[in-house]
Amino acid sequence: MFWITCCRRSQYADPVPLLGRTYNFKGHRFTIALEPAIIQFIRPLSTATWLFVLLVAAYIISFSFLVRAQWYTIPASSFVGCTSVYWTRDAGCGLDGSLCAPFSNSSFDFRCPAQCSSVVLQNPRLVGDESLDFVPLLVGGGDSQKTYRADSFICASAVQAGLFSDSKGGCASVNLVGNFTNYLPTTAFGLSSIGFPSVFPMSFRFSPSNVLTHCTDLRTPALAFNILITCLLFLVLRPKAIVMWWCLVCIGFWHIALFSQPQATPPPLDVAFGAFLPTLFVCYGFWRVAVRFTLPLFANAPFEAMIWYLAPYWTGVLTNLTMDQIPIDRLTAADIKQQPGGVVALIIIVLIVLVLVVNQIRVIRKTGWVPYYLGWYILGGLVTLVLALLPGLQYRLHHYIVSMALFPVTGFPTRLSAIYQGFLLGMFLNGVAAFGFASMLQTAASLVRDGTTGSPLPTFLTNSTTYNASIALANQTINWHSMPTAIATQGWNGFALLVDDVEVYVGTALNYSLAALEAGLPHFFRLAYTMGGTPGDFTMPATLWPNGTWVGPLPGAS
């Protein structure tokens with residue numbers, strides 16, 4: 001082990017503090033002695049072990065009170081997530097929406113977390129004939145009473161309606177008002193909704209909550225508190241490097257799990273503790289392969305170490321915010337192609353990573369360790385290639401895996417290595433605390449989320465030629481083609497029809513009467529095959545306009 005340490009340091013002297021050395025400038029010599037002054041000033045505090053233990057206990061108690069104030073002062077049933085809705089997409093509410101009843105005369109006091117305005121759809125969603133993607137789902141809100149369609153995101157709708165701010169979250173009361181016609185679009189508080197010109201059976205409006213208190217989301221105060229604590233660790237307490245490392249691991253993990261990106265609201269503590277132990281195990285591996293060769297070398301430069309480690313560390317911990325504007329959600333080919341700007345963003349990221357890798361290779365080359373690392377990474381690449389080619393599974397490169405893969409090449413006594421270690425630790429903690437140790441191999445179905453599955457699509461027999469606009473709407477019937485034998489042999493045995501985004505028919509018939517539809521409004525029709533009553537993908541919408549014009553569906557699934 002001593003030989004390994006010596007080899008890593010052989011070509012590099014320990015970093016000399018930038019704020020603790022003498023500089024020459026145009027023939028003048030001047031000395032900056034900030035680092036020695038800091039060390040001298042706080043020496044009595046940094047050498048008092050009892051003070052460190054006392055402050056750790058005080059931190060745990062203070063953090064516990066913050067957690068209590070954040071999650072446990074109102075009923076757990078009052079919390080809703082950023083994507084909570086009353087009406088689920090397509091046929092999720094069942095025939096005529098029966099599974100989502102009641103449609104009206106019901107109210108609910110709720111609390112929303114902060115930062116819901118940045119939570120967006122990850123798959124295209126049809127509202128009438130308009131497709132939404134990578135924006136919050138907001139339908140309506142533009143009328144005088146601020147009425148929203150029931151499948152709108154409740155929290156984002158409340159922010160747009162002005163009930164509370166996105167930065168602090170808050171409480172409100174949502175009231176179901178049932179059937180509504182002609183939802184109007186609006187823009188307010190940085191959010192834009194779309195309209196829906198037809199009728200929908202469930203709608204909601206908001207009013208202030210007179211029941212719930214302690215509604216402000218404390219993630220920003222908690223972040224400020226934890227940043228202050230980590231700064232004090234580097235500047236004042238200055239524990240041994242390994243103690244500092246474990247402090248960063250624990251503070252980052254629990255800040256993510258309990259404040260910045262909990263897996264549910266309120267956070268499931270059993271799930272968090274389930275991921276915490278393996279996190280500690282992996283982070284010990286990070287210490288052994290890299291951190292112990294870098295972090296201890298900044299013992300005489302506490303201010304500099306704070307800058308190199310904490311700035312990238314908190315950037316990684318808050319990946320959900322710092323990387324929010326990058327148009328890449330998951331490192332899968334389908335997602336990257338689907339999201340506008342995803343390919344360009346990926347190319348830029350790859351180029352940046354390539355520059356950093358080349359520079360780190362230059363560092364490693366001076367130590368003579370290039371063949372060692374190259375061998376391991378070639379072996380890892382071959383194993384990854386084999387896994388990626390397994391039938392029935394897709395390889396998913398989670399960001400916690402990226403951190404684990406890159407950490408071993410950061411174990412060198414350079415400032416850039418310190419920066420890499422801080423960022424990779426934060427990104428690793430963000431991955432495992434917010435999402436758990438998700439598998440690197442997943443089925444195609446698990447990656448689809450609520451998107452299309454690729455199932456066969458039926459076709460309408462009614463078209464712009466066969467639809468007779470001279471017949472009254474109450475006497476109209478639309479038709480679709482019978483099921484081909486090849487599709488029936490796959491197990492499909494019926495049809496499901498959505499009218500105005502509500503499932504109105506499930507069965508084996510090949511037509512549907514429009515007698516129940518309201519004249520003078522546009523109506524939207526989508527059709528799917530069913531298997532045991534469960535629909536597959538729906539077609540794109542066919543549209544019947546009030547003047548009797550029938551517009552057939554575009555190709556593809558919705």
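Positions are given from 1 along the sequence. The basis for the numbers below is simple: all heavy atoms, side chains too, and nothing from hydrogens, waters or symmetry mates.
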With a sphere of 6.0 Å drawn around CG of N105, does it hold more than 12 non-hydrogen atoms of other residues, nucleotides or ligands? no
Do Q145 and F180 come within less than 4.5 Å of each other through their side chains, counting heavy atoms only? no
For D90, what residues pass the side chain to side chain donor-acceptor pair (under 3.5 Å) criterion, not counting sequence neighbours? R526
Please identify which of these residues, F225, F273, F63, meets the ring pair (Phe, Tyr, Trp, His ring centres under 6.0 Å) condition with W254. F273
Contact between Q115 and R219 at the side-chain level, heavy atoms closer than 4.5 Å - yes or no? yes
Return yes if some donor-acceptor pair links the side-chain N/O of Q476 with the main-chain N/O of L514 below 3.5 Å, else return no. no
Salt-bridge contact D151-R125 (side-chain N to carboxylate O under 4.0 Å): no
Quick check for you: to the nearest 0.5 Å, what is the distance between T213 atom OG1 and R111 atom CZ? 10.0 Å
Looking only at atom types and distance, does a side-chain atom of S558 sit under 3.5 Å from a main-chain N or O of F538, one as donor and one as acceptor? yes
Got a sec, which residues hit side chain to side chain donor-acceptor pair (under 3.5 Å) with D109, two or more places apart in sequence or on another chain? S209
Determine if the SG-SG distance between C82 and C155 falls under 2.5 Å. no
Do any N or O atoms from the side chain of S152 and from the backbone of V139 form a donor-acceptor pair under 3.5 angstrom? yes
Looking only at atom types and distance, does a side-chain atom of H481 sit under 3.5 Å from a main-chain N or O of P458, one as donor and one as acceptor? no
Give me the one residue out of N511, I478, V506, V502 that meets side-chain contact (heavy atoms from CB on, under 4.5 Å) with L497. I478
If you look at every heavy atom in S157 and L138, which pair is closest and at what distance? OG-CD2, 3.1 Å
Report yes or no: does H255 contribute a side-chain atom to a donor-acceptor pair with the main-chain N or O of L318 at less than 3.5 Å? no
Please examine the side chains of N179 and F103, heavy atoms only from C-beta on, and report whether any two atoms are closer than 4.5 Å. no
Distance-minimising heavy-atom pair for T181 and E518: OG1-OE1, 4.4 Å
Over all atoms of both residues, closest heavy-atom pair of V119 and F153: O-CE1, 3.9 Å
Under a plain distance cut-off of 3.5 Å, with no hydrogens placed, do D96 and S98 share a side-chain donor-acceptor pair? no
Heavy-atom side-chain contact between V174 and V80 under 4.5 Å: no
Could you tell me the separation between the CD1 atom of I74 and the CZ atom of F79, rounded to the nearest 0.5 Å? 4.0 Å
Taking distance alone, no hydrogens or angles, what donor-acceptor pairs closer than 3.5 Å link side-chain atoms of residues 188-203 to residues at least two apart or in another chain?
unit_1, atom_1, unit_2, atom_2, d
S192, OG, T187, OG1, 3.0
S193, OG, G140, O, 2.6
S193, OG, T186, N, 2.9
S193, OG, T186, O, 3.3
S198, OG, D500, OD2, 3.2
S198, OG, P522, O, 2.9
S203, OG, G178, O, 2.9
S203, OG, Y183, OH, 2.5

Compute the ring centroids of F495 and Y529, then answer whether they are less than 6.0 Å apart. yes
Taking the two cysteines C171 and C215, decide whether their SG atoms are closer than 2.5 angstrom. yes
Could you give the distance from OH (Y467) to OG1 (T477), rounded to the nearest 0.5 Å? 9.5 Å
Do the side chain of D501 and the main chain of G128 share a donor and acceptor less than 3.5 angstrom apart? yes
Derivation of the side-chain contact (heavy atoms from CB on, under 4.5 Å) call for V317 and N226: CA-CA 11 Å; V317 165; N226 280 326; over 6 Å; no
Where is the tightest heavy-atom contact between L441 and L387, given as atom of each residue plus distance? CD2-O, 3.5 Å
Enclosure of H214 NE2 (heavy-atom neighbours >12, cutoff 6.0 Å): no
Could you tell me whether N210 atom CG has more than 12 heavy atoms of other residues or ligands within 6.0 Å of it? no
List the steps and the verdict of side-chain contact (heavy atoms from CB on, under 4.5 Å) for F164 and F206. CA-CA 11 Å; F164 45 77; F206 295 105; over 6 Å; no
Here the pair of heavy atoms bringing S207 nearest to N175 is OG-ND2, 3.3 Å
Is the shortest side-chain heavy-atom distance between F437 and T279 below 4.5 Å? yes
Taking the side chain as every heavy atom from C-beta outward, state whether V127 and L137 have any pair of such atoms under 4.5 Å apart. yes
Checking the side chain of D537 only, and the main-chain atoms of T453 only, is there a donor and an acceptor separated by less than 3.5 Å? yes
Distance col, row L121:CG vs R89:CZ, nearest 0.5 angstrom, shows 8.5 Å
Between Y148 and F204, how do the two ring planes meet: parallel, tilted or perpendicular, split at 30° and 60°? parallel
Has S403 got a side-chain atom pairing as donor or acceptor with L425's backbone, closer than 3.5 angstrom? no
Does the pair D166 and C116 meet the rule for a side-chain contact (heavy atoms from CB on, under 4.5 Å), with working shown? CA-CA 6 Å; D166 181 59; C116 280; 4.3 Å; yes
Which heavy atom of T452 sits nearest to which heavy atom of A557, and what is that distance? CG2-CB, 3.7 Å
Determine whether Q122 and F134 make a side-chain contact, defined as any pair of heavy atoms from C-beta on separated by less than 4.5 Å. yes
Side chain to side chain donor-acceptor pair (under 3.5 Å) against S106, all qualifying residues, sequence neighbours excluded: none
Classify the ring geometry between F460 and W480 as parallel (under 30°), tilted (30 to 60°) or perpendicular (over 60°). perpendicular
Interatomic distance, N468 atom CG to T462 atom OG1 [nearest 0.5 angstrom]: 11.5 Å
For Y505 and T508, indicate whether the former's side chain and the latter's backbone hold a donor-acceptor pair under 3.5 Å. yes
Run W550 and T466 through side-chain contact (heavy atoms from CB on, under 4.5 Å) and show every step you take. CA-CA 9 Å; W550 176 277; T466 60; over 6 Å; no
If we only count heavy atoms from C-beta on, is the P136 to V120 side-chain gap below 4.5 Å? yes
CG/L126 to CG/L498 distance, rounded to the nearest 0.5 angstrom? 9.5 Å
Listed pairs under 3.5 Å, donor-acceptor, residues 485-494 side chains, sequence neighbours left out:
unit_1, atom_1, unit_2, atom_2, d
T489, OG1, T485, O, 3.4
T489, OG1, A486, O, 2.7
N493, OD1, G532, N, 3.3

Report all side-chain donor-acceptor pairs from residues 257-269 shorter than 3.5 Å, counting only partners two or more places apart or in another chain.
unit_1, atom_1, unit_2, atom_2, d
Q261, OE1, N430, ND2, 2.8
Q263, NE2, A433, O, 3.2

